[in-house]
Amino acid sequence: MKTTTPNASPAILANTRPRKLSIIRILLYIVLIGVAIIQLLPLVWLLLFSLKDNQEVFNLPPLALPTDPKWENYAKVWTEGNIGLYFLNSVIVTGSAVILTVLLASFVTFALTRMHWKLSKLVLGLFMVGLMIPVHSTLIPLFNFFLNVGLMDHPLAIILTYTAFNLPLTIMILLGFYYTLPRELEEAAIMDGCSIHRLFFQIILPMTAPVVATTAIINMIYNWNEFVFVNTFISSDKYKTLTVGIQNFIGQYSTDWGAIGATLVISILPILLAFIFLSNRIVEGITAGSVKG
């Protein structure tokens, strides 16, 4: 005679599924924690690097604790390295370029998505072409242009350059969000006598706050870390930014590696703070697509 095994009851299957899901979730958390540790290792290494002198940098392992932490490296870069001025210049240039880029991109996106005019598609295509142009291939034309208009060795040259090259990407990010905005609010505002300027600044711009924050952080990261344009267009020490000012600690015969590490730690703090305090805005901007009421 053949023997038959009874099938597993639905209750048993229902109990095993949560266990499998919990195991998968635990494994996922372990993997994510491992990836986070790997991502944090360069920051830990940089912090330890900034507290060492040249001898310890080359003789100790990368993640070894310094025998005598050189906190004076941070004081040195502010007093002798003029990093305070470079930091202020970076804040001014980055902040000005970010505000100008986001504001102009919002104007352009509003005109492209909310207004009907014949050349809108052509204008959008021209901006998208900017994404295909290698940024640093324009160094020589921009150098000649700023030289002719008298903007060489002036912060305005850097601000205008950052704004021009960040506009296409910023517009592309804003476009997807603007298409999801309900037109009923605009129609109601116009029926109540709202002007076009008031409609943009009091209704549209507040509704796009999540994606505006996302584009602002993306622009901030690029502008803050950019080196080639500043190194090419700025020659006066009073206008240099942090990325170029680090070169002060690189000499012909010796290099102060501890001071360089301290400068790098100072330079990444604004980016880290922006991610810490605006992380929710970044996620909202990336996942934006639902109808805003």
Side-chain angles (χ1 to χ4, degrees), residues 90-133 135 151 155-224 226 270-271 273-293:
S90 293
V91 171
I92 294 174
V93 170
T94 300
S96 302
V98 168
I99 294 173
L100 189 59
T101 302
V102 172
L103 191 59
L104 290 178
S106 298
F107 288 159
V108 173
T109 309
F110 178 78
L112 291 173
T113 58
R114 271 19 205 186
M115 299 180 180
H116 299 284
W117 41 296
K118 294 181 179 180
L119 300 179
S120 60
K121 293 183 179 180
L122 176 61
V123 172
L124 177 59
L126 291 175
F127 277 109
M128 294 302 104
V129 167
L131 293 171
M132 298 183 288
I133 300 176
V135 174
L151 288 179
L156 190 58
I158 305 299
I159 295 172
L160 293 177
T161 303
Y162 290 170
T163 302
F165 280 105
N166 287 330
L167 267 178
L169 179 60
T170 306
I171 292 172
M172 186 178 68
I173 296 174
L174 292 176
L175 275 174
F177 193 90
Y178 268 75
Y179 282 128
T180 65
L181 296 178
R183 294 183 178 270
E184 290 77 10
L185 289 177
E186 302 171 40
E187 294 172 357
I190 293 174
M191 291 291 291
D192 291 337
C194 183
S195 65
I196 190 70
H197 304 91
R198 188 176 178 185
L199 173 66
F200 175 78
F201 285 105
Q202 295 188 4
I203 298 178
I204 298 297
L205 199 59
M207 292 173 63
T208 60
V211 72
V212 165
T214 302
T215 55
I217 293 173
I218 294 174
N219 280 275
M220 174 187 173
I221 293 173
Y222 171 81
N223 297 343
W224 189 268
E226 205 281 323
I271 304 297
L273 293 176
F275 272 109
I276 291 173
F277 291 104
L278 299 176
S279 58
N280 292 334
R281 288 291 187 179
I282 298 174
V283 175
E284 290 177 10
I286 295 175
T287 60
S290 59
V291 176
K292 303 295 179 180

Passing option when Thr163 is tested against Ile159, Asn166, Leu160 for side chain to side chain contact (heavy atoms under 4.5 Å, CB included): Ile159
Report yes or no: does Thr215 contribute a side-chain atom to a donor-acceptor pair with the main-chain N or O of Val212 at less than 3.5 Å? yes
Where the side chain of Thr208 meets the backbone of Leu205, is there a donor-acceptor pair that is under 3.5 Å apart? yes
Looking at Arg183 and Thr113, what are the two nearest heavy atoms and their distance? NH2-O, 2.8 Å
Taking atom CZ of Phe110 and atom CD1 of Ile196, what is their separation to the nearest 0.5 Å? 3.5 Å
Is Pro270 close to Met220 at the side-chain level, that is, under 4.5 Å between some pair of heavy atoms? yes
Using 30° and 60° as the class boundaries, would you call the ring planes of Tyr222 and Tyr162 parallel, tilted or perpendicular? perpendicular
Taking all atoms of both residues into account, what is the closest heavy-atom pair of Pro182 and Met207, and its distance? CD-CE, 4.0 Å
Arg198 side-chain N/O to Ala189 backbone N/O, donor-acceptor pair under 3.5 Å: no
How long is the span from the CG atom in Leu131 to the CZ atom in Phe165, to the nearest 0.5 Å? 11.5 Å
Do the non-hydrogen side-chain atoms of Val93 and Asn223 ever get within less than 4.5 Å of each other? no
Would you indicate whether Met191, at its atom CE, is surrounded by more than 12 heavy atoms from other residues, nucleotides or ligands within a distance under 6.0 Å? no
For Trp224 versus Val91, what's the shortest heavy-atom pair and its separation? CZ3-N, 3.7 Å
Give the C-alpha distance, both sets of side-chain angles, the deciding distance and a yes or no for side chain to side chain contact (heavy atoms under 4.5 Å, CB included) between Glu226 and Thr161. CA-CA 11 Å; Glu226 205 281 323; Thr161 303; over 6 Å; no
How far does CD1 of Ile218 sit from CD1 of Ile173, to the nearest 0.5 angstrom? 3.5 Å
Full working for side chain to side chain contact (heavy atoms under 4.5 Å, CB included) between Leu104 and Leu167: CA-CA 8 Å; Leu104 290 178; Leu167 267 178; 4.0 Å; yes
CG/Leu124 to CG/Leu112 distance, rounded to the nearest 0.5 angstrom? 5.5 Å
Rounding to 0.5 Å, atoms CG (Asp192) and CD (Glu187) come to a distance of 12.0 Å
Under the 3.5 angstrom rule, does the side chain of Thr109 hit a backbone N or O of Ser106 as a donor-acceptor pair? no
Apply the test side chain to side chain contact (heavy atoms under 4.5 Å, CB included) to residues Arg114 and Leu199: give CA-CA distance (whole Å), side-chain angles for both, the deciding distance (0.1 Å), then the verdict. CA-CA 11 Å; Arg114 271 19 205 186; Leu199 173 66; over 6 Å; no
